[in-house]
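We count residues from 1, following the sequence as given. Treat the numbers as computed from the prediction; the structure is a model and nothing was measured.
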Amino acid sequence: MRILTLEEFIEVFTWAQLGIHHKPCGFLILINNYDPLVSLFNHMAEQHFSYEKYHTGSCLFPPAINLIKKFYNYHHQL
């Protein structure tokens, strides 16, 4: 697990969608100042700019313990 800048996270998230890597991506928000980012990701999924499998049950914006569990139990989906 590594802490990334927002730019790095978006790059790695994009790589996952393109199949460049098969590692889990997660974004843990501890305070609510990233609500617009959450809205953006939801909008991207609604408009099909990103794959639904990366949003539904994904590692985006979960509570900390859920993020750790999801990373531990992660299996790449084709």
Side-chain angles (χ1 to χ4, degrees):
M1 195 176 303
R2 179 172 171 235
I3 297 175
L4 303 172
T5 64
L6 179 58
E7 179 185 7
E8 290 171 321
F9 176 77
I10 299 298
E11 184 175 19
V12 170
F13 184 75
T14 301
W15 289 350
Q17 292 187 82
L18 294 173
I20 295 172
H21 74 78
H22 304 294
K23 300 174 185 174
C25 296
F27 200 92
L28 179 63
I29 296 176
L30 300 176
I31 53 178
N32 292 338
N33 62 344
Y34 282 98
D35 286 348
L37 181 64
V38 174
S39 295
L40 173 63
F41 273 94
N42 291 336
H43 179 72
M44 288 168 50
E46 290 166 5
Q47 298 300 314
H48 307 288
F49 286 112
S50 62
Y51 297 115
E52 186 66 30
K53 69 181 179 182
Y54 291 101
H55 299 272
T56 305
S58 73
C59 295
L60 292 175
F61 319 115
I65 190 67
N66 291 350
L67 179 66
I68 293 167
K69 287 178 183 177
K70 286 177 185 269
F71 275 15
Y72 183 76
N73 295 316
Y74 177 80
H75 297 287
H76 173 67
Q77 301 175 27
L78 296 177

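- In this structure, the separation between CG on Asn42 and CG on Leu37 is 9.5 Å, given to the nearest 0.5 Å.
- Rounding to the nearest 0.5 Å places CZ of Phe13 at 9.5 Å from NE2 of His21.
- Legend: residues meeting side chain to side chain contact (heavy atoms under 4.5 Å, CB included) with Gln47, ordered by chain and number and at least two apart, are His43, Phe49.
- Ser39 meets the side chain to side chain contact (heavy atoms under 4.5 Å, CB included) test with no other residue; sequence neighbours excluded.
- For the atom pair Ile10 CD1 and Phe41 CZ, the distance stands at 3.5 Å (nearest 0.5 Å).
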